[in-house]
K.L.:
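Got a structure for you, written out below as structure tokens; questions coming shortly.
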Amino acid sequence: MSDLTLRFKGQKNDVVQGVNLRVRRGEVLCVVGESGCGKSVTSMAIMGLLPPNSAQISSGKMRISSDEWDLVTDRLPAELRGNKIAMIFQEPMTSLNPAFRIGNQIAEVVQRHQGGTRAASLDRAEEMLQRVGIANPGQRLREYPHQLSGGMRQRVMIAMALANEPQILIADEPTTALDVTIQAQILDLIADLRDETGMGTIMITHDLGVVAEIADTVAVMYGGQVVEQGPVEEVFRNPQHPYTIGLMSAMPRLDKPGERLAIVPGTVPTISNMPDGCRFRTRCAFATSYCSKRPSLSDIAPDHSVACHYAPLEAHVRVSA
Ligand SMILES: Nc1ncnc2c1ncn2[C@@H]1O[C@H](COP(=O)(O)OP(=O)(O)O)[C@@H](O)[C@H]1O
Ligand code: SF4
Ligand SMILES: [Mg+2]
């Protein structure tokens with residue numbers, strides 16, 4: 001996805017500005033950043049799910065292998081949704097219909113994209129429920145969403161999203177509400193499908209433990225912009241944007257799973273109060289008057305890019321021992 005810029009009607013600033021995200025086959029890209037920085041809006045824009053009367057997309061292009069479309073004029077083609085590209089939401093009821101049995105809902109999606117018999121689609125639904133760790137899947141197939149716990153509904157939605165082996169999966173904080181064991185099982189399932197089918201995943205998460213476990217590359221967002229992007233080992237070992245450095249100051253540790261992003265002092269300005277230039281400058285310890293000019297995302301190493309006038313920092317800041 002390239003150069004996504006959009007704002008909501010009535011706002012004077014873009015809520016997402018010039019965002020590029022790229023995920024290769026068989027890779028997991030994790031998108032991190034504080035709440036409100038535009039992660040969900042970005043994924044909804046990719047899926048064509050923003051309300052067209054209030055969300056105004058001024059630029060953005062999407063490409064999946066040879067399929068390309070302009071997000072300004074076109075929505076995600078229906079034949080690709082749920083097939084080539086699937087999404088898992090924070091809130092499972094967004095994609096479950098309360099009026100239908102869950103087996104029928106999953107089977108319907110499978111049959112729509114893959115054809116085959118009803119019985120074969122129901123078998124696939126049962127297999128997927130098993131893979132997301134639901135006990136007695138044959139029985140659960142006949143239940144309605146309200147008969148399941150929240151965590152189970154979340155897993156049903158994940159099963160439904162993965163049933164057609166999409167080329168791209170967008171997962172918006174999919175495991176936040178799940179307990180640690182189930183969370184690990186879902187991450188394993190995503191990793192298995194990546195290996196089996198070459199699925200590329202864009203995973204939005206607050207959890208650096210998840211990033212450390214599953215990401216190949218990471219994109220850090222602040223104020224609707226990508227401020228740093230690169231291979232996960234490189235960004236963890238050598239974070240260069242002052243915001244990333246703040247977030248990473250609580251590094252994930254294998255003995256402490258589920259460690260969240262560190263708190264960066266101050267709060268994110270609201271969209272209408274976003275400063276010009278570098279949007280992080282109201283909170284940045286390194287800010288100068290030059291930062292009223294917007295920094296572009298530039299490479300500081302192969303595949304590692306940073307949007308800061310002073311990156312790499314060690315070239316500008318003397319660190320005393
Ligand atoms: N439908 C909407 N109308 C107006 N503003 C919205 C809408 N949806 C999200 N926003 C605003 O867009 C910004 C980014 O939100 P979001 O993408 O949900 O953040 P994140 O997922 O990173 O926590 C927030 O300031 C939010 O209030
Ligand atoms: S451009 Fe300036 S304000 Fe922005 S992160 Fe870099 S030093 Fe801080
Ligand atoms: Mg969100």
Side-chain angles (χ1 to χ4, degrees), residues 1 4-17 19 21 30-57 60 87-92 94 170-177 202-207 210 219-229 239-248 260-261 264-298 300 305-317:
M1 194 250 325
L4 176 67
T5 299
L6 71 95
R7 70 177 60 188
F8 289 105
K9 217 174 224 161
Q11 287 183 336
K12 68 178 177 70
N13 283 317
D14 295 326
V15 53
V16 172
Q17 202 173 58
V19 165
L21 294 175
C30 279
V31 180
V32 300
E34 274 159 304
S35 160
C37 70
K39 305 181 299 297
S40 295
V41 169
T42 300
S43 48
M44 301 284 273
I46 295 173
M47 295 300 288
L49 296 174
L50 290 174
N53 49 356
S54 68
Q56 303 170 322
I57 299 180
M87 179 159 178
I88 308 174
F89 300 87
Q90 270 165 307
E91 173 40 64
T94 321
I170 301 180
D172 190 353
E173 313 214 20
T175 58
T176 310
I202 299 176
M203 163 90 80
I204 295 169
T205 179
H206 271 100
D207 188 330
V210 170
V220 180
M221 282 187 73
Y222 183 84
Q225 301 171 340
V226 172
V227 296
E228 183 155 5
Q229 195 162 18
Q240 283 294 339
H241 193 281
Y243 180 60
T244 315
I245 294 172
L247 292 183
M248 302 280 164
R260 296 303 162 107
L261 298 174
V264 175
T267 52
V268 191
T270 60
I271 279 296
S272 50
N273 289 318
M274 269 304 161
D276 294 337
C278 178
R279 289 186 162 190
F280 188 55
R281 72 191 166 100
T282 52
R283 297 167 78 186
C284 181
F286 302 98
T288 68
S289 57
Y290 194 67
C291 302
S292 58
K293 205 169 138 303
R294 183 180 169 190
S296 58
L297 194 63
S298 345
I300 57 154
S305 49
V306 181
C308 171
H309 295 303
Y310 297 100
L313 280 169
E314 51 283 10
H316 297 274
V317 180

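Atoms within each ligand, like the ligands themselves, are counted from 1 in listed order. Residue numbers start at 1 and run along the sequence shown. FYI, side chains are in, hydrogens and waters are out, and symmetry mates aren't considered; it's all heavy atoms of this structure.
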K.L.:
Between I245 and L313, what is the shortest heavy-atom contact and its length?
P.N.:
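Answer, listing the atom of I245 first, then L313: CD1-CD1, 3.3 Å.
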K.L.:
Side chain or backbone of V15 under 4.0 Å from ligand 1, or both, or neither, by non-hydrogen atoms?
P.N.:
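The answer is the side chain.
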K.L.:
So, is C278 placed with an N/O/S atom under 2.8 Å from atom 4 (Fe) of ligand 2, counting both backbone and side chain?
P.N.:
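A backbone or side-chain N, O or S atom of C278 is under 2.8 Å from atom 4 (Fe) of ligand 2.
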K.L.:
Counting only N and O atoms by type, is there a donor-acceptor contact under 3.5 Å from the side chain of R283 to the main-chain atoms of P265?
P.N.:
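Between the backbone of P265 and the side chain of R283 there is a qualifying donor-acceptor contact (under 3.5 Å).
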K.L.:
How far is atom 8 (N) of ligand 1 from its nearest protein heavy atom, and which residue and atom name does that atom have?
P.N.:
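Ranked first by proximity to atom 8 (N) of ligand 1 is F8 CZ, 3.6 Å.
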K.L.:
Could you tell me whether any N, O or S atom belonging to C291 is less than 2.8 Å from atom 2 (Fe) of ligand 2?
P.N.:
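True for C291.
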K.L.:
With heavy-atom distances below 4.0 Å as the criterion, list the atoms of ligand 2 near H241.
P.N.:
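Counting atoms of ligand 2 from 1, those under 4.0 Å from H241 are 5 (S).
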K.L.:
Take V268 and M274 through the side-chain contact (heavy atoms from CB on, under 4.5 Å) test and state the conclusion after the steps.
P.N.:
CA-CA 8 Å; V268 191; M274 269 304 161; 3.9 Å; yes
K.L.:
What protein heavy atom lies closest to atom 20 (P) of ligand 1? Include the residue and the distance to one decimal.
P.N.:
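Going atom by atom, the protein heavy atom closest to atom 20 (P) of ligand 1 ends up being G36 N, 3.4 Å.
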K.L.:
Taking all heavy atoms of I57 and all of L6, pick out the closest pair and write down the distance.
P.N.:
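I57 and L6 have their closest heavy atoms at CA-CB, 3.8 Å.
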K.L.:
Does Q225 offer a backbone N or O that forms a donor-acceptor pair with the side chain of R279 under 3.5 Å?
P.N.:
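No, the answer is negative, given that no donor and acceptor are paired below the 3.5 Å cut-off.
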K.L.:
Is it true that H241 and F280 have ring centroids separated by less than 6.0 Å?
P.N.:
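Yes, the ring centres sit under 6.0 Å apart.
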K.L.:
Is there any N or O on K39 that sits under 3.5 Å from an N or O of ligand 1?
P.N.:
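Yes; the residue has a nitrogen or oxygen that sits under 3.5 Å from a nitrogen or oxygen of the ligand.
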K.L.:
Output the list of atoms in ligand 1 that are nearer than 4.0 Å to some heavy atom of C37, sorted by atom number.
P.N.:
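Contacts of ligand 1 toward C37, numbered from 1: 19 (O), 20 (P), 22 (O).
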K.L.:
Quick one: look up the protein heavy atom nearest atom 1 (S) of ligand 2 and list residue, atom name and how far away it is.
P.N.:
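For atom 1 (S) of ligand 2, the nearest protein heavy atom comes out as H309 N, 3.5 Å.
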K.L.:
Can you find a protein heavy atom under 4.0 Å from atom 26 (C) of ligand 1?
P.N.:
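Under the 4.0 Å cut-off, atom 26 (C) of ligand 1 has no protein heavy-atom neighbours at all.
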K.L.:
Output the list of atoms in ligand 1 that are nearer than 4.0 Å to some heavy atom of S40, sorted by atom number.
P.N.:
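Numbered from 1, ligand 1 contributes 17 (O), 18 (O), 20 (P), 21 (O).
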K.L.:
Counting only nitrogen or oxygen atoms and a 3.5 angstrom limit, does P51 reach ligand 1?
P.N.:
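Looking only at distances, the answer is no, because the N/O contact criterion of under 3.5 Å is not met.
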K.L.:
Does ligand 1 come near enough to V41 that some N or O of the ligand is less than 3.5 Å from an N or O of the residue?
P.N.:
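Yes; the residue has a nitrogen or oxygen that sits under 3.5 Å from a nitrogen or oxygen of the ligand.
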K.L.:
Strictly distance-based, threshold 3.5 Å: is any side-chain N or O of T205 a donor or acceptor partner for the main-chain N or O of D207?
P.N.:
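Checking the backbone N and O of D207 against the side chain of T205, a donor-acceptor pair under 3.5 Å is found.
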K.L.:
Could you list which atoms of ligand 2 come closer than 4.0 Å to a heavy atom of F286?
P.N.:
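So the answer, numbered in order with elements, is 7 (S).
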K.L.:
What part of C308, side chain from CB on, backbone N/CA/C/O, both or neither, has a heavy atom under 4.0 Å from ligand 2?
P.N.:
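For C308, the contact with ligand 2 is made by both the backbone and the side chain.
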K.L.:
Could you say whether the N/O atoms of T42 and ligand 1 ever approach to under 3.5 Å?
P.N.:
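No; the residue has no nitrogen or oxygen that sits under 3.5 Å from a nitrogen or oxygen of the ligand.
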K.L.:
Just go through F280, Y310, Y290 and tell me whose heavy atom is the nearest to atom 7 (S) of ligand 2.
P.N.:
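Among F280, Y310, Y290, the closest heavy atom to atom 7 (S) of ligand 2 comes from Y310.
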K.L.:
Would you say the rings of Y243 and Y222 are close, in the sense that their centroids are separated by under 6.0 Å?
P.N.:
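That pair passes the under 6.0 Å test.
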K.L.:
What closest approach, in Å, do Q90 and S40 show between heavy atoms, and which atom pair accounts for it?
P.N.:
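Shortest heavy-atom contact: OE1-OG, 3.7 Å.
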K.L.:
Tell me, which protein residue and heavy-atom name are nearest atom 8 (Fe) of ligand 2, and how many Å apart are they?
P.N.:
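I find the closest protein heavy atom is C284 SG, 2.3 Å.
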K.L.:
Which heavy atom of E173 sits nearest a heavy atom of K39, and at what distance?
P.N.:
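The answer is OE2-CE, 4.0 Å.
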K.L.:
Does some non-hydrogen atom of G38 fall short of 4.0 Å from ligand 1?
P.N.:
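It does, in that a heavy atom of G38 comes within the 4.0 Å cut-off of ligand 1.
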K.L.:
When only distance counts, is I271 in polar contact with ligand 1, meaning an N/O pair under 3.5 Å?
P.N.:
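By distance alone, the answer is no.
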